[in-house]
Amino acid sequence: MYALVDSNNFYVSCERVFNPTLRHTPVVVLSNNDGCVISRSNEAKKLGIPMGAPAFEYKKKFQELGIQVFSSNYALYGDMSNRVFRILQNYTPDVEVYSIDECFLYFKNFSTKPLDEYCKALRKEVLQKTLIPTCVGIAPTKALAKIANHIAKKFPQLEGVYLIDNDEKRLKALQWLDIQDVWGIGRRMSKKLKNKGILKAIQFTELPDEYVRKEFSVVGLRLKKELEGISVLELEELQAKKHIATTRSFDTTYTDKEYLTERITTFAVTCARKLRKQEATCQLVTVFIYTNRFNDQQEQYYRSVNVSIPYPTNSDIEIAKYAKKGLDLIFKPGFHYKKAGVIVGGIAHENEKQFNLFEEEPFKHREIMTAIDKLNSKYGTQKLKLASQALDKTWKMRQEHLSPNYTTKWNDILEVK
Amino acid sequence: MIRFIKFGSELEYLPINTNGEKYYVQLKEGVNAGFPSPAEDFLNDRISLDELYLSKVESTFVNRVKGLSMYPDYLENDILILRSDYEPQNGDDVVVSINSSEYTLKRYDKINSKLVALNPKYAHSVIINDEDEVVILGVVDAIVRNIRKRK
């Protein structure tokens with residue numbers, strides 16, 4: 001069985017943890033550079049603020065409706081996300097950090113019966129320790145777990161947990177779910193399906209296999225199988241577009257930190273290249289390392305950590321630097337590592353030329369990095385700092401509504417009377 | 001694990017959690033000549049305050065005290081180490097919000113369902129009713145206070 005744990009309106013929830021006066025007021029969080037709305041409280045949703053609403057267009061409306069506005073504070077969200085993941089990791093060894101606010105858990109050899117009770121306890125523990133509300137969907141496949149989560153979120157009487165453990169519940173869920181809300185069905189695919197009169201998820205599963213494969217390739221067919229309750233997607237397989245991941249299972253296990261550092265750096269650089277290809281930047285790096293979960297003889301260790309980058313970037317050097325920082329935080333010697341990965345999040349469109357500094361000459365990156373290292377050792381860190389200061393000067397992000405870094409900076413900790 | 005700390009001529013033991021994240025400050029040896037320091041091999045045995053205060057990073061918050069509502073137990077600028085995994089007991093000090101108020105530091109009087117400000121000059125004790133929404137950020141586990149003021 002799979003469970004998808006999803007933090008409700010995560011960025012807004014993070015702001016509310018430290019500012020309880022916002023608990024029942026409408027709140028929105030804006031993307032990088034205060035561009036558009038990326039997280040809304042339920043109150044803001046009710047007031048009709050759509051996802052992606054451009055901030056400049058809605059500025060007046062925000063004021064009129066008394067909506068509290070925040071710039072995105074990835075240092076804070078990353079730290080809160082780490083706290084949630086740490087708790088989840090105590091519930092099962094098989095955890096896939098899917099994005100900053102979503103996590104798949106895999107329950108191998110757990111009996112189905114108490115699984116919803118188990119997840120209720122999990123949800124309660126997360127809420128007590130972090131004050132972050134979550135919803136949990138449990139089902140035999142990842143795609144169905146996503147739907148169960150959707151249902152848990154939509155119907156408050158379920159107390160945040162929904163379990164699909166029989167065909168009756170599965171069919172009921174598929175009859176209820178609109179086709180465009182099915183995980184993995186993009187805008188083009190749902191348009192195509194709607195043109196054919198397929199409006200609900202259930203209708204998609206009623207199409208013949210051959211037809212689905214022909215029209216929507218093997219990806220569509222796998223999705224159909226998943227919705228039928230046949231698990232074909234294991235942890236870490238399907239990736240949404242809101243984050244980019246580079247992960248690998250190693251041919252053998254490694255205990256050596258140097259090797260892992262090299263791997264993580266390479267993954268980070270690959271992510272950076274993928275970002276540049278999409279003309280995007282990221283502001284958050286998630287690093288994870290796993291031991292071999294199928295080897296019962298070895299001691300198991302699994303950790304992931306989010307590291308926030310103070311400015312949006314798609315530079316190899318920057319992303320690799322922060323990824324390495326993440327590895328330093330989670331690496332423990334003495335374990336046999338089988339899998340590692342880098343996920344970048346907080347993705348936004350790149351609209352500042354300065355960050356293309358290295359794009360023209362991707363093959364010179366190594367030279368540049370070596371040069372920086374050399375300078376660094378010769379003149380001390382000050383030289384490196386100068387470069388980043390210069391960058392800061394030419395590119396200043398709009399963050400007019402930034403909340404304090406309550407959990408990561410001494411000067412920003414919460415003050416209580 | 002148990003460590004010993006010397007107080008005058010008496011020894012007192014403190015239980016210390018060892019499952020916290022550890023960050024060590026590296027000791028830089030200033031002199032190259034002569035024999036290597038016999039202590040070099042023991043560098044890792046430094047005491048880590050994180051071990052003591054941050055053993056549960058996912059349920060620890062750090063706050064700073066403003067004002068004197070909890071005088072004399074708390075002074076302005078005391079650093080509070082809060083634990084969100086503790087169930088508040090009678091007599092615990094908590095950082096709490098009632099009905100979407102700002103967070104305040106109060107002593108929890110479970111018997112009378114009250115949140116008490118210790119300073120008699122503050123009449124800000126609050127009775128908790130059943131319909132109140134009470135949010136507790138954490139229970140005060142420790143305070144860090146700078147005794148010697150430096151500029």
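Worth knowing before you read on, the calculation uses all heavy atoms, side chains too, and leaves out hydrogens, waters and symmetry mates. Chain identifiers are assigned alphabetically (A, B, ...) following the order of the sequence lines, protein sequences preceding nucleic acid strands; residue numbering begins at 1 within each chain. Quick caveat, the model's predicted, so the values are computed rather than measured.
- Note: B:Asp85 leads B:Asp85, B:Thr104, B:Asn77, B:Val95 in heavy-atom pairs under 4.5 Å with chain A.
- In this structure, CG on A:Leu131 lies 9.5 Å from CD1 on B:Ile136, to the nearest 0.5 angstrom.
- Annotation: the span from A:Leu22 atom CG to B:Ser100 atom OG amounts to 9.0 Å, rounded to 0.5 Å.
- A:Phe18 touches chain B through backbone and side chain together, each having a heavy atom under 4.5 Å away.
- Ring to ring, A:Tyr406 and B:Phe61 are not that close: their centroids are 6.0 angstrom or more apart.
- With chain B as partner, the option from A:Met80, A:Glu125, A:His24 having the largest number of non-hydrogen pairs under 4.5 angstrom is A:His24.
- Contact of B:Glu133 with chain A is made through the side chain alone, with heavy-atom distances under 4.5 Å.
- For B:Leu75, the CG atom counts as densely surrounded, since its 6.0 Å shell holds more than 12 non-hydrogen atoms of other residues, nucleotides or ligands.
- Taking each heavy atom of B:Ser101 and A:Pro20 in turn, the nearest pair found is O-CG, 3.2 Å.
- Within the 4.5 angstrom heavy-atom criterion, no atom of A:Val84 approaches chain B.
- Between the side chain of B:Ser84 and the backbone N or O of A:Lys129, at least one donor-acceptor pair lies under 3.5 Å.
- By the neighbour-count criterion of 12 heavy atoms within 6.0 Å, atom NZ of A:Lys324 is sparsely surrounded, having that number or fewer from other residues, nucleotides or ligands.
- The heavy-atom pair separating B:Tyr103 from A:Val416 by the smallest distance is CB-CG1, 3.8 Å.
- In this structure, chain A has a heavy atom under 4.5 Å from the side chain of B:Leu80, while its backbone stays farther away.
- For CZ of A:Phe107, the number of neighbouring non-hydrogen atoms (other residues, nucleotides, ligands) closer than 6.0 Å is greater than 12.
- Annotation: A:Glu299, atom CD; neighbour count of heavy atoms from other residues, nucleotides and ligands within 6.0 Å does not exceed 12.
- The neighbour count for A:Gln300 CD, taken as heavy atoms of other residues, nucleotides or ligands under 6.0 Å away, is above 12.
- Once rounded to the nearest 0.5 Å, the distance linking CD of B:Glu76 with CD of A:Glu415 reads 8.5 Å.
- Within 6.0 Å of CG on B:Asn129 lie more than 12 heavy atoms contributed by other residues, nucleotides or ligands.
- In this structure, chain A has no heavy atom under 4.5 Å from any part of B:Tyr74.
- Interface remark: B:Val135 contributes side-chain atoms only to the contact with chain A (heavy atom separation under 4.5 Å).
- The backbone N or O of B:Lys56 lies less than 3.5 Å from no partner atom in the side chain of A:Arg86, so there is not a single donor-acceptor pair.
- Contact between A:Lys417 and B:Ser69 at its shortest, heavy atoms only, is C-OG, 3.6 Å.
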